[in-house]
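Quick notes on the structure that follows.
In what follows, every chain begins at residue 1, and chains take the letters A, B, ... in the order their sequences are listed. The structure presented is a predicted model; accordingly, all values stated were derived computationally and were not measured.
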Amino acid sequence: MEDALQQCRSQGILTGSKKPKVTLEIPKHDGQGDFATTLALALAKIEKKPPREIASALISILENQNSWIEKIEIAGPGYINFFLTQDFWRQTLLSIHEQKSGFGKTSVPTKEKILIEFVSANPTGPLHVASGRAAALGDALTRLLEAVGHQVDQEYYLNDIGAQMKLLGRSTYLRYRELFGEKITLPEGSYQGDYIIEIAEALKQKDGDRYLSGTETSHLDFFTQYSLKTIITWIKTDLHDFGIDFNTWFSEKDLHKNNEVPEVLEFLKSKTMLYEKDGAQWVSTTPFGDDKDRVVVRSNGHKTYFASDIAYHRNKFKRGYDRLIDIWGADHHGYVNRIKAATEAMGYESGRLTILIHQLVNLLRDGKPVKMSKRAGTFVTLREIIEEVGVDATRFFFLMRRSDTALDFDLELAKKATNENPVFYVQYAHARLCSILRVAKSQGFDTAALIKNTDLNTLKPLTLPEEMAVIRELSRYPELIHSAADALEPHRLTFYLQNLSGLLHRYYFSCRVITEDELLTHARLVLITAIRIVLQNGLQILGISAPEEM
RNA sequence: GCGCCCGUAGCUCAAUCGGAUAGAGCAACGGCCUUCUAAGCCGUAGGUUGCAGGUUCGAUUCCUGCCGGGCGCACCA
């Protein structure tokens with residue numbers, strides 16, 4: 001297109017100098033070609049000529065230039081619609097079989113080194129639903145970004161120090177005493193879930209009554225560390241069973257141990273981004289878009305949580321990452337501006353930190369909201385959900401919506417979900433393909449050999465509109481992966497897979513793959529194995545299995 | 001009060017950088033299994049894209065105001 005525009009200008013047909021961006025899109029409706037461009041519309045203003053006139057000038061250059069082009073039409077106000085030959089589409093099947101699991105991924109080895117931090121729930125209890133959404137999102141994003149050539153590490157930030165930790169230790173300690181018949185009252189803000197009793201019980205089994213004597217203070221640290229260790233193990237196990245193993249578990253305690261918080265404050269001071277007021281130390285975040293400057297050291301000498309957060313982000317950058325992605329729940333969105341401002345104050349480009357906000361999950365049971373509170377212990381855990389619903393369905397469910405819309409997760413619905421859960425629709429499409437392949441094999445077809453001997457000629461029997469529709473959708477896959485990765489929106493992939501599955505089911509219904517006609521059967525086997533590859537590739541990115549039978 | 005996110009079919013959601021006639025699933029209604037898996041397919045119905053302006057060839061998309069919902073606004077962690 002760009003060449004055509006250039007030629008028009010050098011031949012004096014068009015006279016403008018500005019060059020609009022040339023984009024190709026896939027039209028929504030039949031009869032509008034395989035690809036279309038709005039270039040003539042965009043040029044109309046620059047050239048001061050009617051768009052249709054510009055379009056016909058462009059077409060005169062474009063015609064007969066490319067053997068894939070069947071015909072070109074001008075439509076509506078000045079769209080240029082391209083109709084491509086069937087060979088063009090068939091040829092994408094060859095490239096799918098050539099690239100296999102690499103189809104849709106870029107061949108460029110490493111573009112950027114990215115650290116994606118997600119879940120990072122406080123280790124004061126088992127993971128619950130909202131963390132599951134973050135987990136599914138972060139994990140799918142990781143593979144999406146890897147598919148387009150980035151190197152991605154996954155990190156979990158552990159808030160393993162501070163007041164919450166003390167409270168956790170205290171809660172376990174009191175439950176422990178309770179197990180020996182003592183009457184206790186849990187203070188305001190304690191963790192009251194049954195899992196605390198579970199931890200205390202395990203300790204009683206292991207060590208008996210040895211912590212009954214002595215003061216609470218003398219045992220508190222032990223109880224804190226013991227509870228913490230137990231809970232971290234739970235969290236790791238739950239995530240592992242959900243299909244996620246983080247590259248690093250970053251401890252806030254280590255951050256303090258290594259003196260990084262005071263260091264970052266010194267660093268900010270050296271950049272004149274730190275000042276003292278009212279006995280406290282403040283970071284200048286306002287010049288970078290924050291509403292107000294923020295306190296990092298309180299007048300009582302205590303460093304705020306925000307101070308550790310700044311130090312943590314500096315630590316990430318210093319480890320050599322080009323880009324950081326944080327995934328936070330909507331309940332933390334108020335912190336986006338300040339942490340972005342703080343990283344800018346340290347001198348890091350704002351574009352290098354992306355904070356992705358996901359809206360909260362409304363857990364429903366029979367359509368009624370389940371009130372959840374970690375402290376009161378009334379929450380549904382991620383484990384409970386994956387045990388009841390299954391990993392595949394849970395992940396798919398979490399990834400079906402754009403991250404910035406609230407997600408209703410009805411447990412009863414998800415549990416009985418056979419009809420209503422779309423993951424089955426996609427997985428069934430895959431299983432169906434496998435089933436055809438099994439039958440083909442039993443009838444003596446060697447699909448692998450057929451694929452090896454495929455070329456444009458052997459694909460000629462593929463002529464039906466249903467077949468072209470599927471192939472067109474397959475060819476769209478690499479571009480879809482790129483745009484989903486750029487936008488950090490894995491949900492686009494779930495929609496794509498549902499759509500592709502729909503095309504397959506429709507094709508299955510209207511055409512038989514295995515027929516008397518051997519050449520046709522060959523071509524169709526090549527087609528369905530290509531569909532299978534794309535379904536597998538897509539499901540792999542989402543972290544969902546592709547079953548061969550259902 | 002201020003800030004961020006969302007308002008699209010009865011419900012849950014899409015809509016490729018501002019593009020053509022706004023699409024799926026579920027629910028409803030009517031059809032399709034002597035055939036490679038009916039966890040499937042086909043058809044019908046369903047809309048003033050919250051409201052009102054603005055920007056332009058063109059707006060679900062961008063801007064302003066309003067209405068409604070969610071979340072957040074500490075020298076807390």
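Among the nucleotides B/G72, B/A14, B/G19, the one closest to the side chain of A/Arg402 is B/A14. Side-chain proximity of A/Phe424 to B/C13, B/G40, B/A39: nearest is B/A39. Proximity note for A/Asp404 (side chain, C-beta onward) versus B/G19, B/A39, B/C6: the nearest is B/C6. Between B/A39, B/G70, B/G7, one nucleotide has an atom nearer to the side chain of A/Met550 than all others, and that is B/A39. Nearest nucleotide to the side chain of A/Arg492, out of B/A20, B/G40, B/U16: B/U16. The side chain of A/Trp282 approaches B/C75 more closely than any other nucleotide in the set B/C13, B/C41, B/C75. Closest to the side chain of A/Val295, from the set B/G40, B/C75, B/C36, is B/C75. Nearest to the side chain of A/Val513, among B/C36, B/G40, B/C42, sits B/C36. When distances run from any side-chain atom of A/Ser299 to the nucleotides B/A20, B/C75, B/C36, the shortest one goes to B/C75. The side chain of A/Glu25 sits closest to B/G19 out of B/C32, B/G19, B/C36.
Classification of the A/His522-A/Phe445 ring pair by plane angle, with boundaries at 30° and 60°, yields perpendicular.
The nearest whole Å value for the distance from the CD atom in A/Gln427 to the P atom in B/G40 is 13 Å. Residue A/Arg133 contributes atom CZ, which lies 12 Å from atom C1' of B/C13 at whole-angstrom precision. Regarding A/Ile531, its CD1 atom lies at a distance of 18 Å from the P atom of B/C36, rounded to whole Å. At whole-Å resolution of the value, CG in A/Asp408 and C1' in B/G25 are 15 Å apart. When the C1' atom of B/A39 is taken as reference, atom CZ of A/Arg432 falls 9 Å away, rounded to whole Å. One atom, CG of A/Asp517, and another, P of B/C36, lie 19 Å apart when rounded to the nearest Å.
The closest side-chain donor-acceptor pair between A/Glu25 and A/Tyr79, if any, does not fall under 3.5 angstrom.
As judged by a 4.0 angstrom heavy-atom cut-off over every strand, A/Lys292 is placed among residues touching the sugar-phosphate backbone only. Heavy atoms of A/Ala163 sit under 4.0 angstrom from primed sugar atoms or phosphate atoms, though from no base atom. Nucleic acid contact for A/Cys511: base, since at least one base atom lies under 4.0 Å from a heavy atom of the residue. Nucleic acid contact for A/Tyr335: base, since at least one base atom lies under 4.0 Å from a heavy atom of the residue. Base engagement by A/His333 is indicated by at least one non-hydrogen atom pair under 4.0 Å involving a base atom.
On a pure distance criterion of 3.5 Å, a polar donor-acceptor pair joins the side chain of A/Asn81 and the base of B/A20.
Residue-to-nucleotide proximity on RNA chain B shows that, of A/Ser483 and A/Phe509, the 5′-proximal contact is made by A/Ser483.
Contact annotation: A/His491 side-chain N/O to B/A15 OP1/OP2 distance is under 4.0 Å.
The CG atom of A/Leu93 sits 4.5 Å away from atom CD1 of A/Ile471, with the distance rounded to the nearest 0.5 Å.
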Problem set entry | Verdict with supporting geometry, A/Arg476 and A/Glu479, salt bridge (Lys or Arg N to Asp or Glu O under 4.0 Å) | CA-CA 6 Å; A/Arg476 208 165 72 79; A/Glu479 170 53 30; over 6 Å; no

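Judged by the 6.0 Å and 45° rule, A/Arg472 forms a cation-pi pair with A/Trp89. A cation-pi arrangement, defined by a distance under 6.0 Å to the six-membered ring centre and an angle within 45 degrees of its axis, is absent between A/Arg170 and A/Phe223.
B/C2 sits 29 Å from B/U49 when the P atoms are compared, rounded to a whole Å. Rounded to a whole angstrom, the distance from the P atom of B/A45 to that of B/G25 is 15 Å.
B/C57 adopts an anti glycosidic conformation, its chi angle falling more than 90° from 0.
Side-chain atoms of A/Leu158 and A/Glu252, non-hydrogen and from C-beta on, never get closer than 4.5 Å to each other.
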